[in-house]
2 protein chains.
Amino acid sequence: MSNEQPETGRARRVTIFDVAAASGVSRGTISRYLNDSGYVSESARQAIKDAVEEVGYVPNTAARSLATRQTKNIAFVVHESHNMFYNDPNLGGMLTAANRVLSEADFQLVILILDTEQTLSRIAGHLRGGYVDGAILVSVRAEDPLLRIVQELGIPAAMAGRPAGASSVPWVDVDNVEAARGISARLVGTGRKRIAMIEGPETMRAARERLAGFTSAVGAHFDANLVIPTPDWGHESGFDAMREILRREPAVDGVFAACDAIAIGAMDALREAGKSVPGDVGVVGFDDSLWAKRSFPGLSTVRQPVEEMGARMAAMVLRQLKGEDLRHTHEIVPTSIVWRDSA
Amino acid sequence: MSNEQPETGRARRVTIFDVAAASGVSRGTISRYLNDSGYVSESARQAIKDAVEEVGYVPNTAARSLATRQTKNIAFVVHESHNMFYNDPNLGGMLTAANRVLSEADFQLVILILDTEQTLSRIAGHLRGGYVDGAILVSVRAEDPLLRIVQELGIPAAMAGRPAGASSVPWVDVDNVEAARGISARLVGTGRKRIAMIEGPETMRAARERLAGFTSAVGAHFDANLVIPTPDWGHESGFDAMREILRREPAVDGVFAACDAIAIGAMDALREAGKSVPGDVGVVGFDDSLWAKRSFPGLSTVRQPVEEMGARMAAMVLRQLKGEDLRHTHEIVPTSIVWRDSA
DNA sequence: TATGTATGTGTGCACGCTCACACATGTCTG
DNA sequence: CAGACATGTGTGAGCGTGCACACATACATA
């Protein structure tokens, strides 16, 4: 009696054999139908379609993956603490767009967050163990072990941002110099004379590039004494740096912060010092994060086309999956500027 | 010559047979070693360990999954636009904690974002196709088709928040009434007399529960005329609602906003009206989002133990995987209050 | 008529693993 | 000393697919 449906044993899965039985067609033909390989008659097609519906068939991913040696999964690896992960506005946009592009090609995005040594080995195992067919790497560090692993495995990959060292992995980046020049020019254009920059971590390429753009834009107004590097990209660092700038030059009337969080920190320091923005001091940032929209006054900043970047990285991976050799290539995408009230 | 290593054909994978050959032990023993099934001698264990290292063996997930009928994947399904996904501070915390718990049990979290009809069918396919062994559902709507699918499939699942209708899926939630009572009491305790609430969407259970807590806390000071519902949980809605409150009662001196975004919107409206916070009006929120920390002044708010919730949901899924029947059960986790400067 | 080509179909095997079972050995009991 | 039991090991079958190949059939061509 109780044998009809064993209590614990799960129900037998519906397989391609069931569809074969129900449709009167062989497994091979059904497989061709499922994979659009052609050579399926209209009558067979219809019979299979009905049978699939009738028996409630869904192809088994594991079996398919075992046979084809493909998983239809792409890893989206974020090298960042979880905390940053859900605060960074750029990541979400890249994720969204990459997911859209991959979905259309019938791939699934698997998000892996790399924040400790332990997760590194787990993720390495994932990449090696055939969990995924390719990888999109975001916020890769200099000398990143992850990048080394990906290159050793030779799996199709793409990364956001220009790599610090030598790397064969194709990448997508914005033109930091040009973007920084564009936004800094606004400060000059509105008549600011004593213009400072909060540079960000000096070891980061993006920071140095933004400084180059700034230098080029402010021209004769440039004063090396008003360029302050910070230990990180955080709000606190912006606050501290702005205080230091005010100490060095109380008459400062313009600030370019290398990212929005720093800019907001700077604005807090200005408020503390009794300076008005943009009345006394014009402030511009970089990223167009949520903070830029919500700050008071709204922060003028550089908007990076993160969706575009995400989509391009996904496309790069797909192209490699099709056999294209994209090693040592890259793409640069244009930025735009969002004018709000802070400058 | 060129046959030694075919150009396009990928290298043959290292399998358990290679480990068997290198170690002089049979497949069966290796499998037992890999799965900690016991009955492996110390000498065999050592030989296998060395061989694995030597040949660089990594178990193939697909094959394992095919044989065991388990994927070691758990879906984290977010029913929310991508945009909300990376703005909502609560999601990230749940994600982090769930990921940690599952990792420890050697499960992998797969994040699925449900934002269109199309993704719904893709996700349903995922759940049905044996991609995952279980699911954690976040921000489930009333009458959510996703919830129906999960229940039909009968796969181990857990969800955040009390379900609107009947559901057998176990859930974890905070005590909204108690939390709202706690934070509202502060307004009364600091001598506020004309206390308003911006309620949030009336159709949402959480909003109604928070209103109940508020009502209980303010007691005799309660004025139904100062309770304003909003169409959504957004910043703009908070701004509009606060303007309306100021119109109805210019002497308002306390506001409980049903979430932080609303609270920040309300503070913007107060600033516009020339009111100081907390001098003229005390403001409290709910969520302890990033906005609460960064607002000026810092927002006093309710901190939901999102990590705790995420961890508990993960544990619920794991327990079901082990055979426990958790249907129709739930857990309530306690909140805490973060006092900052806004009240 | 013999041959070629395009289309359509079915079968055996491989993918890499786990699990059940058969079997071997050693130790402890009565 | 026979039996029971725990420990350790190897082998065959099966998980559900895709793919190569053998094999049909229909029609066009020489």
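Quick note on labels: first sequence line is chain A, next is B, and so on, each numbered from 1.
A side-chain N or O of B:T29 and one of B:R32 form a donor-acceptor pair less than 3.5 Å apart. Side-chain contact of B:H330 with B:D173: a donor-acceptor pair under 3.5 Å is absent, judged by distance alone. In this structure, a donor-acceptor pair under 3.5 Å is absent between the side chains of B:S103 and B:R100.
Within 4.0 Å of A:A62, counting heavy atoms only, lies no atom of the nucleic acid at all.
Distance CZ (A:R13) to P (D:dC15): 12 Å, rounded to an integer number of Å. Atom pair B:R32:CZ and D:dT7:C1' shows a separation of 11 Å (rounding to whole Å applied). Summarising the geometry, the separation between CG on B:L66 and P on D:dG16 is reported as 7 Å, rounded to the nearest angstrom. To the nearest angstrom, P of D:dG8 lies 15 Å from CD of B:Q46. In this entry the distance linking OH of B:Y33 with C1' of D:dG8 reads 17 Å, nearest Å. Distance CG (A:L34) to P (D:dG16): 15 Å, rounded to an integer number of Å. The distance from atom OH of A:Y39 to atom P of D:dC23 is 19 Å, rounded to the nearest whole Å. In this structure, the CD atom of A:E42 is 19 Å from the P atom of D:dA26, given to the nearest Å.
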### Query
Which is it for A:L318 and A:V101 under the side-chain contact (heavy atoms from CB on, under 4.5 Å) test, yes or no, and what are the steps along the way?
CA-CA 9 Å; A:L318 292 177; A:V101 170; 4.0 Å; yes
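One can find a donor-acceptor pair under 3.5 Å joining the base of D:dG18 and the side-chain atoms of A:R27. Contact of B:R69 with D:dG16 (side chain to base): no donor-acceptor pair of N or O atoms is detected under 3.5 Å.
Looking only at distances, a side-chain donor or acceptor of B:D133 sits under 3.5 Å from a matching main-chain atom of B:K72. Side chain of A:D18 to main chain of A:T15: a donor-acceptor pair is present (N/O by atom type, distance under 3.5 Å, no hydrogens or angles).
At the phosphate of D:dG18, OP1 or OP2 sits under 4.0 Å from a side-chain N or O atom of A:S31. Phosphate proximity of D:dT17 to A:Y57: present, with a side-chain N or O under 4.0 Å from OP1 or OP2.
Extent of DNA chain C lying under 4.0 Å from chain B heavy atoms, first and last nucleotide in 5' to 3' order, is C:dG16 to C:dT18.
Ionic pairing of A:E53 and A:K49 is not present here: no N-O contact between side-chain nitrogen and carboxylate oxygen is shorter than 4.0 angstrom.
Ranked by how close their nearest DNA chain D nucleotide is to the 5' end, A:I16 and B:V40 are led by B:V40.
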